[in-house]
Amino acid sequence: MLFALFLSALTSATILPGTSEVALAAVVASGDHALWWLVVVATAGNVLGSCVNWGLGLYIDHFKDRRWFPVSPDALDRASDWFGKYGLWSLLLAWLPIIGDPLTLFAGVMRVRFLPFIVLVTIGKAARYAMIAGGAGWIANLLGYS
């Protein structure tokens with residue numbers, strides 16, 4: 001069950017589809033594990049997925065001129081400009097749907113050092129999972145599931 005939560009969180013942070021929030025809530029509702037441990041597992045998987053994005057961003061320049069590349073050079077430049085404008089602290093928002101994964105990718109494109117990257121991304125994602133686990137635990141208790 002914990003490995004499935006980890007994998008769901010990992011894939012949720014990449015271009016692969018994932019539903020880590022639902023997986024976390026389901027495991028919380030089962031009452032089989034401490035909330036803090038579930039937050040650690042989900043955060044670790046999701047941060048690892050963001051590290052994959054960061055690594056891809058480091059090498060994206062090698063492919064941006066290929067016909068098959070899914071992002072136009074203009075869109076890539078706009079995104080890089082946006083990240084350059086809002087900077088490193090925008091990584092605290094890496095947990096957000098839609099913009100979070102591209103943020104971690106562009107952190108790689110912009111050559112953000114790994115240590116600040118991992119610290120900021122971990123803070124944001126851990127806070128999100130703590131809120132989800134706490135809310136799911138509260139609802140499970142309210143409904144008598146745990």
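- Residues Ile132 and Val39 fail the side-chain proximity criterion, which asks for heavy atoms closer than 4.5 Å.
- Taking both residues in full, the closest heavy atoms of Leu58 and Gly108 are given as CD2-O, 3.3 Å, listed atom of the first, atom of the second, then distance.
- Rounding to the nearest 0.5 Å gives a distance of 6.5 Å between CG of Leu38 and CG of Leu5.
- Rounding to the nearest 0.5 angstrom, the gap separating the CZ atom in Phe117 from the CE atom in Met110 is 14.0 Å.
- Within a 6.0 Å sphere centred on CZ of Arg111, heavy atoms belonging to other residues, nucleotides or ligands number more than 12.
- With rounding to the nearest 0.5 Å, the separation of CG in Leu48 from OG1 in Thr43 is 12.5 Å.
- Side-chain atoms of Ile123 and Trp95, non-hydrogen and from C-beta on, never get closer than 4.5 Å to each other.
- Nearest heavy-atom pair across Asn46 and Ala9 is ND2-O, 2.6 Å.
- The closest side-chain heavy-atom distance from Trp54 to Val121 is not below 4.5 Å.
- Using a 4.5 Å cut-off between side-chain heavy atoms of Ile, Leu, Val, Met, Phe, Trp and Tyr, with links allowed through other members, Trp36 and Met131 fall into different hydrophobic clusters.
- For the atom pair CG of Leu56 and OG1 of Thr104, the computed distance is 9.0 Å after rounding to the nearest 0.5 Å.
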Audit row: Val41, His33, side chain to side chain contact (heavy atoms under 4.5 Å, CB included) steps and yes/no: CA-CA 11 Å; Val41 169; His33 303 282; over 6 Å; no
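- Nearest heavy-atom pair, Ser12 versus Ser20, reported as atom, atom and distance to 0.1 Å: OG-N, 3.2 Å.
- Residues Trp89 and Val47 fall within the same hydrophobic cluster, defined by Ile, Leu, Val, Met, Phe, Trp and Tyr side chains chained together at heavy-atom separations under 4.5 Å.
- Using a 4.5 Å cut-off on side-chain heavy atoms (C-beta onward), Val28 and Leu35 make contact.
- Checked by atom type and distance alone, the side chain of Ser30 pairs as donor or acceptor with a backbone atom of Val27 at under 3.5 Å.
- Side-chain atoms of Thr14 come within 3.5 Å of backbone atoms of Thr11 as a donor-acceptor pair (strictly under, hydrogens ignored).
- Note on ring orientation: taking the six-membered ring where Trp is involved, the planes of Trp82 and Tyr86 are tilted (angle from 30° to 60°).
- Here the side chains of Leu24 and Tyr129 are in contact, with some heavy-atom distance below 4.5 Å.
- Closest approach of Ala13 and Ser50 over heavy atoms only: CB-N, 3.7 Å.
- Taking hydrophobic clusters as Ile, Leu, Val, Met, Phe, Trp and Tyr residues chained together by side-chain heavy-atom distances below 4.5 Å, Phe106 shares a cluster with Phe63.
- Closest approach of Asn53 to Asp101, counting heavy atoms only: ND2-O, 3.8 Å.
- The line from CG of Leu103 to CD1 of Ile98 is 12.0 Å long, rounded to the nearest 0.5 Å.
- Taken together through direct or relayed side-chain contacts under 4.5 Å among Ile, Leu, Val, Met, Phe, Trp and Tyr, Val22 and Phe6 form parts of separate hydrophobic clusters.
- Between atom NE2 of residue His62 and atom CD1 of residue Ile60 there is a gap of 10.5 Å, rounded to the nearest 0.5 Å.
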